[in-house]
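Residue numbers start at 1 and run along the sequence shown. Since the model is a prediction, treat every value here as computed from it, not as a measurement.
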Amino acid sequence: MVMDPVFPVTVYFDDGTTWVLDTSEKLGWTLEWFDSNDGNDIRVVDAHGRPVSVKVEALEIKRLKVQDKTPPTPPRRRRARAA
């Protein structure tokens with residue numbers, strides 16, 4: 001289930017800078033070109049401290065969702081019946 005982040009969204013940059021963005025409009029305008037999943041040391045969290053995946057291209061928000069950190073459930077194996 002995809003969950004929407006709760007604002008404000010906070011961006012922690014690797015140089016110690018912190019941006020607190022209280023609306024989706026400010027998030028798009030401020031980040032301009034940004035992808036939280038590109039392997040950098042930038043951390044984005046929502047008001048509840050949940051990790052947020054965000055992608056902005058040319059001021060337009062392409063992705064904005066709470067990241068699901070729950071590992072996928074492996075499929076159940078069927079037991080072989082004894083003959």
- Apply the test side-chain contact (heavy atoms from CB on, under 4.5 Å) to residues Val52 and Leu64: give CA-CA distance (whole Å), side-chain angles for both, the deciding distance (0.1 Å), then the verdict. CA-CA 7 Å; Val52 174; Leu64 180 61; 3.8 Å; yes
- Query: In the hydrophobic clustering that connects Ile, Leu, Val, Met, Phe, Trp and Tyr at side-chain heavy-atom distances below 4.5 Å, which members other than Leu59 occupy its cluster, ordered by chain and number?
  - Reply: none
- Message: Contact between Phe13 and Asp41 at the side-chain level, heavy atoms closer than 4.5 Å - yes or no?
- Response: no
- Message: Going by side chain to side chain donor-acceptor pair (under 3.5 Å), name the residues that satisfy it together with Asp15, two or more places apart in sequence or in a different chain.
- Response: Thr17
- Would you please name every residue forming a side-chain contact (heavy atoms from CB on, under 4.5 Å) with Asp38, sequence neighbours left out? Asp35, Asn40
- Item | Pairing residues for Asn37 by the side chain to side chain donor-acceptor pair (under 3.5 Å) criterion, not counting sequence neighbours | Ser53, Gln67
- Honestly curious: do Val11 and Val45 fall in one hydrophobic cluster under the side-chain, below-4.5 Å linking rule? no
- Message: List the residues meeting side chain to side chain donor-acceptor pair (under 3.5 Å) with Arg50, not counting sequence neighbours, and say none if there are none.
- Response: Asp46
- Query: Just how far is it from atom NZ of Lys55 to atom NZ of Lys62, taken to the nearest 0.5 Å?
  - Reply: 8.5 Å
- Item | ring-ring contact (aromatic ring centres under 6.0 Å, His included) partners of residues 33-67, not counting sequence neighbours, each pair once | none
- Residue set satisfying side chain to side chain donor-acceptor pair (under 3.5 Å) with Glu32, at least two apart, ordered chain then number -> none
- Item | Val9 and Val44, any side-chain heavy atoms less than 4.5 Å apart | yes
- Message: Distance check, rounded to the nearest 0.5 Å: Ser36 atom OG versus Arg63 atom CZ?
- Response: 5.0 Å
Sequence neighbours excluded and cut-off under 3.5 Å, please list the side-chain donor-acceptor pairs for residues 18-28, or say none.
residue : atom : partner : partner atom : Å
Asp22   : OD1  : Lys26   : NZ           : 3.2
Thr23   : OG1  : Lys26   : N            : 3.0

